[in-house]
Number of protein chains: 2
Amino acid sequence: MTQRCLIVVPTLSTKQIAKKQVDRNLMKFEAVTIKDIAKELGLSTSTVSRALRDSYEISAETKKLVLECAERLQYRPNPIALSLKEKRSRSIGVIVCEIANSFFSQAINGIESVAYTQGYNVIITQSHESFDREVTDLDFLASRSVDGLIISVSSETQDFEHIKKFHNRGLPIVLFDRINEDIATHKVTVNNFKAAFEATMHLINGGMRRIACIVNPSHLSITKERIAGYKQALADSGIDYSDSLIKYCTKGGINGAEVEVAVNELLDLNPRPEAIFGLSDKLTVGAFKTLQSRKIKVPDEIAVIGFSNSELTELLSPSLTVIRQPAFQMGEIATQRLISLIESKRPSHDFIKEVLDTELIVRQSSVKPLGRVKSSGV
Amino acid sequence: MTQRCLIVVPTLSTKQIAKKQVDRNLMKFEAVTIKDIAKELGLSTSTVSRALRDSYEISAETKKLVLECAERLQYRPNPIALSLKEKRSRSIGVIVCEIANSFFSQAINGIESVAYTQGYNVIITQSHESFDREVTDLDFLASRSVDGLIISVSSETQDFEHIKKFHNRGLPIVLFDRINEDIATHKVTVNNFKAAFEATMHLINGGMRRIACIVNPSHLSITKERIAGYKQALADSGIDYSDSLIKYCTKGGINGAEVEVAVNELLDLNPRPEAIFGLSDKLTVGAFKTLQSRKIKVPDEIAVIGFSNSELTELLSPSLTVIRQPAFQMGEIATQRLISLIESKRPSHDFIKEVLDTELIVRQSSVKPLGRVKSSGV
DNA sequence: TTTAGGGTCGGGAACGATTGCGTAAAAAAA
DNA sequence: TTTTTTTACGCAATCGTTCCCGACCCTAAA
């Protein structure tokens with residue numbers, strides 16, 4: 001339809017027409033360029049370009065002509081040519097461990113919403129909790145010339161050199177959730193210490209003392225902070241800490257088997273723990289699932305509490321007490337920071353570490369029927 | 001580190017050095033180009049390019065030299081320049097209504113896994129069940145010159161002209177889940193008729209006759225097919241169909257309020273329906289949630305069954321009987337088809353509509369404790 | 001009448017990579 | 001030794017767009 005206009009234009013040589021025709025037959029998506037407008041109107045590409053950008057050196061009539069023609073031909077500027085010229089792609093890369101995880105899908109929602117309004121593409125990759133895959137993803141995204149990166153590292157990631165490498169080269173990067181203090185850039189996280197502290201206190205106030213944790217690898221920032229909050233709550237309540245109550249899942253519970261093993265080990269303990277605290281979404285749900293399949297009564301035999309952003313936790317039986325993170329908001333903030341980093345003329349040196357508050361939602365799974373409930377949580 | 005090599009090269013003019021220096025200070029990510037290698041080695045860019053592509057017209061020594069230099073300078077080809085030249089971006093766009101929906105996040109997982117291995121980027125956008133947003137997304141993606149598109153339309157989409165427009169222009173498109181028969185291209189879907197038929201039969205076999213449905217807008221392909229399956233099951237069982245038992249949710253249950261209203265209307269019916277059939281993920285979960293909050297006993301007072309890909313449905317109380325779609329596989333197939341479309345030399349005219357089977361997972365919510373259970377489902 | 005200057009526009013280089021074509025030097029054949 | 005062939009490389013155009021640098025015409029001041 002729009003292309004047909006081009007064919008009737010006398011200034012198009014037969015050769016050119018033939019070329020467009022062939023492309024048409026091959027059904028390849030051939031976009032209208034600034035050249036087509038120029039030929040249609042007998043102008044130069046520079047004039048057309050300037051007219052479209054509303055430059056002062058183009059007369060009003062010419063502008064009108066060009067604009068009208070662009071509209072008629074359905075001209076769309078080619079972002080790839082722009083990218084090549086401006087050395088930016090207006091796209092940002094995201095690396096998370098998994099999309100099919102409520103926390104991350106909500107965070108991505110936040111990322112996407114901000115990126116969209118600012119005219120940026122979002123390219124999402126998943127590390128699947130694998131360090132190697134994370135490195136590959138990073139190379140991939142950097143080589144696809146994204147303008148910046150939002151990263152939550154995999155559970156296997158101990159070494160951050162692969163990220164530092166690009167960061168040192170000047171690629172804007174924002175870290176969220178699982179962060180690293182050594183990299184000087186914006187970070188977005190929650191108050192993991194406080195969240196874990198409050199959750200643990202909630203259990204302790206409910207009369208429990210043997211509180212087990214199922215956690216991600218110890219080298220992750222979130223693990224350290226959450227464990228610290230847990231320990232602080234124990235210490236404040238005069239409860240001894242025991243290593244035997246902490247079970248690590250190296251793959252972050254991405255496969256259920258790992259969590260199952262951890263839960264079973266905890267159940268074999270003598271005396272059994274009175275509660276299980278899941279230190280991340282997958283771990284909480286995984287632990288709950290294992291307890292259900294083993295017909296362990298929650299919270300009677302063992303209470304459950306944990307981090308989770310799934311919307312279904314309140315419908316579980318018993319309904320699950322969770323720590324909910326402002327995932328969407330985290331994604332929004334991370335993206336705003338990243339874009340400001342990308343668009344700033346000169347490198348900034350004061351970086352913000354945004355620490356958001358979590359929400360403890362107390363439901364059935366953490367309240368023993370006979371327990372003395374002194375507090376309802378927050 | 002790598003850039004420093006450039007500075008010591010004598011063939012670089014002072015002006016060029018100054019330029020790189022400034023960029024360095026501005027901390028802008030300046031990539032190594034083929035030119036840098038050429039200057040470093042005193043070769044032409046064409047020779048370097050050919051050496052890197054292992055052309056036969058380049059001597060073995062030169063190749064070795066270039067390869068070594070490229071490695072040392074950490075040269076990465078600029079995909080944007082490639083895209084401009086080859087008129088392809090090696091990226092595919094995805095439009096779904098929502099990422100934070102198990103079905104779609106799993107489908108995206110499938111899409112991403114195939115795209116990744118084939119060297120394609122995935123750019124994800126969400127329509128949030130809005131037709132306008134879908135049109136905007138489409139324009140956005142097309143203007144970002146994606147090589148192809150994978151689309152599941154929004155619940156508001158009745159008119160497919162916006163998609164046809166790009167399809168007719170030759171942009172490869174694959175439809176999945178919510179499809180349209182008028183567009184001649186590959187499609188990936190499930191046997192919705194059979195899925196709904198089986199689910200309905202399962203309820204009927206359990207002794208229920210007044211089976212209500214909560215559904216997406218009637219113009220969607222999946223709605224039509226599922227309703228047809230439902231009606232067929234009723235007809236085969238000699239049960240009269242009643243319009244009053246079908247409740248439409250125009251926004252596909254993206255906000256819970258809509259579903260709540262629908263469920264409440266069903267509960268006000270006299271006599272009350274014996275079962276509620278949720279015809280999509282959000283609707284099933286939303287209906288269940290509403291029933292829970294209203295303290296309606298499931299399945300005793302009312303049974304629940306529905307489409308859902310959430311992994312938590314088995315942990316609900318009662319555990320939820322669901323129809324599970326092979327979402328990951330659907331994403332994989334759609335992407336394979338799309339890439340073959342993109343990479344085919346000439347336009348194909350025989351398109352495949354892939355229809356996959358669903359899985360009915362019978363659990364507690366659909367089985368009345370006193371009902372005569374004749375069949376366990378499939 | 002000449003010239004300075006503003007208003008409009010075109011030419012051409014650039015962004016990074018590929019590629020057809022031309023060509024020097026080296027090797028092979030005469 | 002001369003001619004032909006092969007080897008190995010450079011030049012320049014190309015993709016779509018922007019932008020610097022002229023260049024033209026017309027008007028107004030000198």
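Given the structure is predicted, the values throughout are model-derived calculations rather than measurements. Here is how names work: the chains are called A, B, and so on, in the same order as the sequence lines, proteins then strands, and each is numbered from 1.
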Distance, rounded to the nearest Å, where [X] contributes [atom1] and [N] contributes [atom2]:
X	N	atom1	atom2	answer
A:Glu86	C:dA14	CD	C1'	13 Å
B:Glu57	C:dG22	CD	P	14 Å
A:Lys63	C:dC9	NZ	C1'	13 Å
A:Ile58	C:dG6	CD1	P	18 Å
A:Asn78	D:dT14	CG	P	17 Å
A:Leu82	D:dC15	CG	P	17 Å
B:Tyr56	D:dA8	OH	P	11 Å
B:Asp36	C:dC15	CG	P	11 Å

Answer yes or no: does atom CD of B:Glu71 have more than 12 heavy-atom neighbours from other residues, nucleotides or ligands under 6.0 Å?
-> no
Assign each of B:Lys85 and B:Ser44 to its nearest nucleotide of DNA chain D by heavy atoms, then name whichever residue's nucleotide is nearer the 5' end.
-> B:Ser44
So which nucleotide from D:dT17, C:dT18, C:dC9 ends up closest to the side chain of A:Leu43?
-> C:dC9
What is the ring orientation for A:Phe140 with B:Tyr116, classed by angle as parallel under 30°, tilted 30 to 60°, or perpendicular over 60°?
-> tilted
Any side-chain N or O of [X] below 4.0 angstrom from OP1/OP2 of [N]?
X	N	value
A:Lys87	C:dG16	yes
B:Lys35	C:dC15	yes
B:Thr45	C:dT18	no
A:Ser49	D:dT18	yes
A:Tyr75	D:dT17	yes
A:Ser46	D:dT17	no

Does any N or O donor sit under 3.5 Å from an N or O acceptor when you compare the side chain of B:Arg50 with the base of C:dG20?
-> yes
Kindly say whether, by distance alone, the side chain of B:Ser59 makes a donor-acceptor pair under 3.5 Å with the base of D:dC9?
-> no
With sugar-phosphate meaning primed atoms plus P, OP1 and OP2, does B:Arg76 contact a base, only sugar-phosphate, or nothing at under 4.0 Å between heavy atoms?
-> sugar-phosphate
Is B:Thr62 touching bases, backbone alone, or none of the nucleic acid, heavy atoms closer than 4.0 Å?
-> sugar-phosphate
Using the benzene-type ring in the case of Trp, are the ring centres of A:Phe131 and A:His162 under 6.0 Å apart?
-> yes
Are the charged groups of B:Glu161 and B:Lys164 less than 4.0 angstrom apart, N to O?
-> yes
Could you walk me through whether A:Glu112 and B:Thr125 pass side-chain hydrogen bond (donor to acceptor under 3.5 Å, both in side chains), step by step?
-> CA-CA 7 Å; A:Glu112 192 250 9; B:Thr125 61; 5.5 Å; no
